[in-house]
**Q** 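Please read through the structure below; I'll follow up with questions.
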Protein chains: 2
Amino acid sequence: MSTVDKAISLLDLFSIDTPELGLSEIARRAGYDKATTRRLLLSLSRHGFVEQDAETRHYRLGAGLTRLARIREARLPLLQTALPFLRDLAIATSETVHLSEAGNASLLTVLVEHPARANRVNVNVGEYLPLHSTASGLAYLAHARPDAVKAALGNPLTAFTSHTVTEPGAILAEVEATRARGYSIMDQGFEDGVFSVAAAILGSGGYAIGTLAIAAPVVRTTKALAAERGQAVAAAARQISERLSGEGFGALRKRASA
Amino acid sequence: MSTVDKAISLLDLFSIDTPELGLSEIARRAGYDKATTRRLLLSLSRHGFVEQDAETRHYRLGAGLTRLARIREARLPLLQTALPFLRDLAIATSETVHLSEAGNASLLTVLVEHPARANRVNVNVGEYLPLHSTASGLAYLAHARPDAVKAALGNPLTAFTSHTVTEPGAILAEVEATRARGYSIMDQGFEDGVFSVAAAILGSGGYAIGTLAIAAPVVRTTKALAAERGQAVAAAARQISERLSGEGFGALRKRASA
DNA sequence: GTTGTCGGTTCATTATTTGAACCATTATTT
DNA sequence: AAATAATGGTTCAAATAATGAACCGACAAC
């Protein structure tokens, strides 16, 4: 493992549940000597990737990461374009709505709006979503480049619950159904008790650049509600797509099929 | 320069104007050998810090940065809380409104809303703002910890224009006036022809965690307009502060003075 | 057709990184 | 109150990783 790999792996120790860590704890969790860990942290700190609290001496993720992320986002402002739609959907459905951004054959949750209810689906930002077993994943695959679909289904797939479909043929059939319907449906394929619908947000090239999803407890979901939420999320995804690219959704869809 | 420093410095080559770069160009700009550069890029790529386009072979900033930035932001959702206020202010004033996030004695612009006008102030996300010569900087200093103020004014300060105040005593007087008024005023201290007002967004500790600013061409600014914008930005900053911390603004202000 | 530049690779040489042992301070346990 | 444990931090001989000149095939420019 290279020194650069070691340094960056330290950043992965921070999470929503663990926003701050001390030097000794970071070293322990990383499995590196304290001296090594400190040197790596100093390098990261020089570039703003971590910040050390002046009082507690604890480390946390730094503004340098935000800076680069904002530069990355500036090219295509998915987050700020989608935010109002997310909020409206969360209010209208009283369920969890989340936005994911597509990378190279991956989906990263970047925005979540939780409803003010005790029984709700909790989704964390900053987590990658599996493509085969989430509504977002299926929505993405329905509008992905063929090589991305191949890459996603090319390796043995994980069964997260007893409902997870792991046979590529069956997943592709579901992807086709998603494309026809305009939104995907996932019934407890990733987590027991969770029912989700999602739709793809298309970029100028006609391929998915993100997804919008509504996740609800199964106990609060009927066939009619599922269809209603599906249509709502598809409509919102369409509007976000049109807002981002300045083109009609139909034209975008046609482009990827060419 | 350590290997980690070298690797991360490659990321700084990307900007809004230069979102993608090829291997040879990155090596040239960084001043490293192509073999070295490629090895460093591969390490960054393994963690999602850069992505290589499958067709053009060019590199760009990756989702791994967004992931960590979203985790960092999840603790305190400044961006998504402020966005609606930014938009409303941009519409109401027809001027550029921008949000900056406070780090360790630094301010990073994370959100910008430009008006649909030809003559407008252009602000880029992902750029650090000087504290002594911008409205945002003064607003921040007015509500910063004393050691951060000391650090900011402790070294010789840059005169960006002939209007820039660089004498610490005079800056501190302006900081005091900002605190009293509830918003700062900067008349071409950072860039000729630009007039800005800003207000601090306070965190639970009572100190500034960000700033909200309105930047306009001087030719479109009167004393009355300045006061009007100042009050508007102060009101918005106050609402964002209250929304984030769940406390009254007056209580927040009192806490930092204790 | 020729020349230049691209992204990419190799391995002897060079430079950087490592971590055990140590420190002062603070926190925890007895 | 005293003893022990854990913290963040430092050093430098030994160990390991990184380096880059020279090379490659493919593609672009002239």
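Throughout, a chain's letter reflects where its sequence line sits, starting with A, and its residues are numbered from 1.
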**Q** Sub-3.5 Å donor-acceptor pair from the side chain of A:Ser45 to the main-chain atoms of A:Leu42, do we have one?
**A** no
**Q** Is the shortest side-chain N/O distance from B:Tyr59 to OP1 or OP2 of C:dC6 below 4.0 Å?
**A**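 No, no such contact exists.
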**Q** Which ones in residues 33-49 of chain B lie close to DNA chain C, meaning a heavy atom under 4.0 Å from one of its atoms?
**A**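 Within residues 33-49 of chain B, the residues near DNA chain C are B:Lys34, B:Ala35, B:Arg38.
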**Q** For C:dT16, does OP1 or OP2 lie under 4.0 Å from any side-chain N or O of A:Thr3?
**A**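 No, because none of the side-chain N or O atoms of A:Thr3 sits under 4.0 Å from OP1 or OP2 of C:dT16.
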**Q** What do you reckon, is CZ of B:Arg75 surrounded by more than 12 foreign heavy atoms closer than 6.0 Å?
**A**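 More than 12 heavy atoms, drawn from other residues, nucleotides or ligands, come within 6.0 Å of this atom.
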**Q** Can you give the dot-bracket line for DNA chain C, using ( ) for pairs inside the strand, [ ] for pairs that cross earlier ones, | for pairs with another strand and . for unpaired bases, where Watson-Crick and G-U count if both distances are under 3.5 Å?
**A** ||||||||||||||||||||||||||||||
**Q** Examine D:dA21: is either OP1 or OP2 under 4.0 Å from a nitrogen or oxygen in the side chain of B:Tyr32? Give yes or no.
**A**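 No, no such contact exists.
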**Q** Looking at B:Glu191, I'd like to know if its CD atom is crowded, meaning that more than 12 non-hydrogen atoms belonging to other residues, nucleotides or ligands lie closer than 6.0 Å.
**A** no
**Q** Rounded to the Å, how far apart are B:Arg57 CZ and D:dG25 P?
**A** 18 Å
**Q** So B:Thr18 and B:Arg29, do their side chains get closer than 4.5 Å, heavy atoms only?
**A** yes
**Q** Do you know the tightest heavy-atom contact between B:Leu78 and B:Glu73?
**A** N-OE2, 3.1 Å
**Q** Check the phosphate of C:dG7 against B:Ser24, side-chain N and O only, distance under 4.0 Å to OP1 or OP2. Yes or no?
**A**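 So the side-chain polar atoms of B:Ser24 do come within 4.0 Å of the phosphate oxygens OP1 or OP2 of C:dG7, strictly under.
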**Q** Expressed in angstrom and rounded to an integer, what is the separation of B:Ile26 atom CD1 from C:dG8 atom P?
**A**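 After rounding, the reported distance stands at 10 Å.
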**Q** Is a side-chain donor or acceptor of B:Glu101 paired with a backbone partner of B:Ile209 at a separation under 3.5 angstrom?
**A** no
**Q** Toward the 5' end of DNA chain D, which comes first, A:Met1 or A:Gly22, by nearest nucleotide?
**A** A:Gly22
**Q** Rounded to whole Å, please give me the gap between CD in B:Glu55 and P in D:dC27.
**A**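 About 14 Å, once rounded to whole Å.
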**Q** Sub-3.5 Å donor-acceptor pair from the side chain of A:Arg72 to the main-chain atoms of B:Leu61, do we have one?
**A**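 Yes, because the side chain of A:Arg72 sits within donor-acceptor range (under 3.5 Å) of the backbone of B:Leu61.
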**Q** Tell me which of A:His58 and A:Val4 sits closer to the 5' end of DNA chain D, going by the nucleotide each one is nearest to.
**A**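 Per heavy-atom nearest nucleotide, the more 5' residue is A:His58.
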**Q** Atom CD of residue position A:Glu174 - does it have more than 12 heavy atoms of other residues, nucleotides or ligands inside 6.0 Å?
**A** yes
**Q** Taking all atoms of both residues into account, what is the closest heavy-atom pair of A:Ala213 and A:Ala198, and its distance?
**A** CB-CB, 3.7 Å
**Q** Take atom CD of B:Glu25 and atom C1' of C:dG8, then tell me their distance rounded to the nearest Å.
**A**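 Checked: the CD to C1' distance equals 17 Å.
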**Q** Write down the distance between CG (B:Leu23) and P (C:dT9), rounded to a whole number of angstrom.
**A** 10 Å
**Q** Rounded to whole angstrom units, what separation is found between the CG atom of A:Leu21 and the C1' atom of D:dG8?
**A**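 So the two atoms are 14 Å apart, to the nearest Å.
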**Q** Could you give the NZ-to-P distance, from B:Lys6 to D:dA17, as a whole number of Å?
**A** 16 Å
**Q** Ignoring backbone atoms, establish whether A:Arg28 has a side-chain N or O less than 4.0 Å from OP1 or OP2 of D:dA6.
**A**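 The answer is no; no side-chain N or O of A:Arg28 sits under 4.0 Å from OP1 or OP2.
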